[in-house]
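Quick notes on the structure that follows.
Hydrogens, waters and symmetry mates play no part in the numbers below; they use all other heavy atoms, side chains included. Keep in mind that this is a model prediction, so the values were computed, not measured.
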Amino acid sequence: MRQLLAVLAGIAIIVTQVWIGARAFFPDAMTTDNDSLGDILDEKNSILDKITPEELAFVTSHPVFTVGVDPNFYPLEMFDERGRYTGLGGDYLRLLSKMTGLQFRPVALANWADTENAARNGNIDIFMAAAKTGRRDEFMQFTPPYVNLPGIIMTRRDSGLDKLDLAGLAGKKVAVTRDYSWHDFLKEFHPEIIAVPAATTLDALHMVTAGEADAILDYEFNLLEKIRTAGILQMQKAGEVDSSYGHAVAVRKDLPQLFNVIDMALANITPRERTLLAQKWLEREKPASRETHIQWLFFFFSEATLLCFGLLWLFNHAVRREAASLAEIMEQKCD
């Protein structure tokens, strides 16, 4: 009986591990939600019959455009484990491609500052998840935002800065990602706050944990995702900032025909469809990283191996006890 219970317990452990792994690494496969993007794509038709002859001639002669991507900006945009451009911006890009017939080539450079410089120099045509700021407005034209998300202030737990607002940040060093919208926000509207730019959000977080900055300002979804994946435990939420910007599609100003076509396509996405797309990405967990996947596989197979050895030992132990019991019975009979 004990052996049977041990086997059942072992099977339960393995099934639980498989379930946890599947939920972490393949959340799409484990959800029962409808494919909102697929349903919306099925309903969308081409808009090329609604644009001007000049715009039609332009998109016909320029079938492929480059998209500047921040590859680590989940859930707005990222590249998945297969190298596919995905996220909320990725869904909108697929819709744009369906309605316009255009092809888009996502490009990821070393950091966001380099991506903006490439667009300024004419090497990137579109941003799919960018906020309109005064600086960016010099070289990019923005559609109306399709999502607006708040920002948060985070500080180190032992800093004594437990509650902060923008007024409380005056004179303090605040880490921001270089050329992100919050960097522009501080420079344009709050010069009394000392902006300390970093190449990436993770670098900005490390500035705060190392004491090189008093706080960090960024979007909540971005900070919490980086903290979780990097295992940073020293950070705490100290305040919220209403977002002055919403994320939108941006097109280089020297491509007005392309902007008009994209703007018309976006106008054909209903508020209900926008809500469905946002819920798909903002209300689910990010798939675990490749590194975490490897770690899970290592621990899973280690546990499975140890469990097999344990069950084998129990089986052998039971066989030995049975053999000893039979031997004792035989001896008694012989006596």
What residues, two or more places apart in sequence or in another chain, satisfy side chain to side chain contact (heavy atoms under 4.5 Å, CB included) together with Thr200?
Leu202, Asp203
Cut-off 3.5 Å, side chains only: do Asp80 and Thr86 have a donor facing an acceptor?
no
Should we count NZ of Lys237 as having more than 12 external heavy atoms under 6.0 Å?
yes
Would you say Ile194 ends up clustered with Val174 if hydrophobic residues are merged whenever their side chains have heavy atoms under 4.5 Å apart, either directly or through other cluster members?
no
Considering all heavy atoms of both residues, which atom of Met140 and which atom of Ala119 are nearest to each other, and what is their separation?
SD-CB, 4.0 Å
Within one Ile-Leu-Val-Met-Phe-Trp-Tyr cluster: Phe104 and Leu48, side-chain cutoff 4.5 Å:
yes
Is the number of heavy atoms from other residues, nucleotides or ligands under 6.0 Å of Arg157 CZ greater than 12?
yes
Linking I/L/V/M/F/W/Y whenever any side-chain heavy atoms sit under 4.5 Å apart, do Tyr180 and Ile126 land together?
yes
Taking C-beta and beyond as the side chain, do Leu96 and Met128 meet within less than 4.5 Å on heavy atoms?
yes
If you look only at pairs with a residue in residues 259-275, which of them pass as a salt bridge (Lys or Arg N to Asp or Glu O under 4.0 Å), with sequence neighbours excluded?
Lys44-Glu273
Shared hydrophobic cluster for Leu88 and Leu224 (ILVMFWY, side-chain gaps under 4.5 Å)
no
Go through the steps to decide whether Asp70 and Glu77 satisfy the test side chain to side chain contact (heavy atoms under 4.5 Å, CB included), and finish with yes or no.
CA-CA 7 Å; Asp70 184 340; Glu77 60 179 0; 3.4 Å; yes
Using 0.5 Å steps for rounding, measure from the CG atom of Leu276 to the CH2 atom of Trp281.
14.5 Å
Residues Thr201 and Thr177: side-chain donor-acceptor under 3.5 angstrom
yes
Can you name the side-chain hydrogen bond (donor to acceptor under 3.5 Å, both in side chains) partners of Asn260, sequence neighbours left out?
Glu55
Minimum side-chain heavy-atom gap Thr155-Asp214 below 4.5 Å
no
Flag the pair Met99 / Asn268 as yes when at least one side-chain heavy-atom distance between them is below 4.5 Å, and no otherwise.
yes
Is there side-chain contact between Met235 and Ile216, with at least one heavy-atom pair below 4.5 Å?
yes
Euclidean distance, Arg136 CZ relative to Glu116 CD, rounded to 0.5 Å
4.5 Å
Nearest 0.5 Å please: distance from the CG atom of Leu217 over to the NE2 atom of His190.
9.0 Å
Least distance between heavy atoms, Thr143 atom then Ala248 atom
O-CB, 3.3 Å
CA sep, side-chain torsions, deciding dist, call: Phe58, Leu258, side chain to side chain contact (heavy atoms under 4.5 Å, CB included)
CA-CA 8 Å; Phe58 177 81; Leu258 176 62; 3.9 Å; yes
Sidechain-backbone polar pair: Ser97 side chain, Gln103 backbone, donor-acceptor under 3.5 Å
no
Side chains of residues 162-171: which donor-acceptor pairs under 3.5 Å do they make with residues two or more places apart or in other chains?
| residue | atom | partner | partner atom | Å |
| --- | --- | --- | --- | --- |
| Asp162 | OD1 | Gln236 | NE2 | 2.9 |
| Asp165 | OD1 | Ala167 | N | 3.2 |
| Asp165 | OD1 | Gly168 | N | 2.8 |

Quick check for you: to the nearest 0.5 Å, what is the distance between Ile232 atom CD1 and Thr209 atom OG1?
6.0 Å
If you count every heavy atom of other residues, nucleotides or ligands that lies below 6.0 Å from Arg94 atom CZ, does the total exceed 12?
no
I'd like to know if Glu138 pairs up with Arg120 as an ion pair, taking the criterion as any Lys NZ or Arg NE/NH1/NH2 lying under 4.0 Å from an Asp or Glu carboxylate oxygen.
yes
Minimum side-chain heavy-atom gap Thr100-Ile47 below 4.5 Å
yes
His206: ring pair (Phe, Tyr, Trp, His ring centres under 6.0 Å) partners, not counting sequence neighbours
none
By side-chain hydrogen bond (donor to acceptor under 3.5 Å, both in side chains), Lys172 pairs with (sequence neighbours left out) none
Should Ile262 and Leu37 be counted in the same cluster of Ile, Leu, Val, Met, Phe, Trp and Tyr side chains packed under 4.5 Å apart?
yes
Considering only heavy atoms from C-beta outward, does the side chain of Lys226 approach that of Asn72 to under 4.5 Å?
yes
Between the side chain of Arg135 and the main-chain N/O of Asp179, is any donor-acceptor distance below 3.5 Å?
yes
Any side-chain heavy atom of Met154 within less than 4.5 Å of one from Ile227?
yes
On a heavy-atom basis, which atom in Ile124 and which in Val67 lie closest, and how many Å separate them?
CG2-C, 4.2 Å
Test: ring pair (Phe, Tyr, Trp, His ring centres under 6.0 Å). Region: residues 215-239. Which pairs qualify, not counting sequence neighbours?
Phe73-Phe221, Trp182-Tyr219, Tyr219-Phe221, Tyr219-His247
More than 12 heavy atoms from other groups under 6.0 Å of CG on Asp242:
no
Report the C-alpha distance between Met264 and Ile51 in whole Å, list the side-chain angles of each, state the deciding distance to 0.1 Å, and finish with yes or no for side chain to side chain contact (heavy atoms under 4.5 Å, CB included).
CA-CA 8 Å; Met264 179 176 292; Ile51 64 177; 3.8 Å; yes
Please list, chain by chain and in numerical order, all residues satisfying ring pair (Phe, Tyr, Trp, His ring centres under 6.0 Å) with Phe139, sequence neighbours excluded.
none
Using every non-hydrogen atom in the two residues, find where Leu282 and Pro75 come nearest and quote the distance to one decimal.
CD2-CG, 3.6 Å
Can you list everything that forms a side-chain hydrogen bond (donor to acceptor under 3.5 Å, both in side chains) with Asp158? Sequence neighbours excluded, please.
Arg156
All side-chain hydrogen bond (donor to acceptor under 3.5 Å, both in side chains) counterparts of Asp254, not counting sequence neighbours
Arg252
Compare every heavy atom of Glu240 with every heavy atom of Pro150, then report the nearest pair and how far apart it is.
CB-OE1, 4.5 Å
With sequence neighbours left out, the residues meeting salt bridge (Lys or Arg N to Asp or Glu O under 4.0 Å) with Glu212 are none
Considering all heavy atoms of both residues, which atom of Ala204 and which atom of Ala175 are nearest to each other, and what is their separation?
O-CB, 3.6 Å
Would you say Val107 and Asn123 make side-chain contact, with heavy atoms under 4.5 Å?
no
Any donor and acceptor pair, going by atom type alone, linking the side chain of Lys253 with main-chain N or O of Asp137 inside 3.5 Å?
yes
Which ring pair (Phe, Tyr, Trp, His ring centres under 6.0 Å) pairs, counting each pair once, include a residue from residues 142-179, with sequence neighbours left out?
Tyr92-Tyr146
Out of curiosity, Ser181 OG to Asp218 CG, how far, rounded to the nearest 0.5 Å?
7.5 Å
Which word best sums up how the rings of Trp112 and Phe127 line up, parallel for under 30°, tilted for 30 to 60°, or perpendicular for over 60°?
tilted
Value for CG (Asp184) from OG1 (Thr133), rounded to nearest 0.5 Å, stands at 3.5 Å
For the backbone of Pro271 and the side chain of Thr275, can you confirm whether one donor and one acceptor N or O come within less than 3.5 Å of each other?
yes
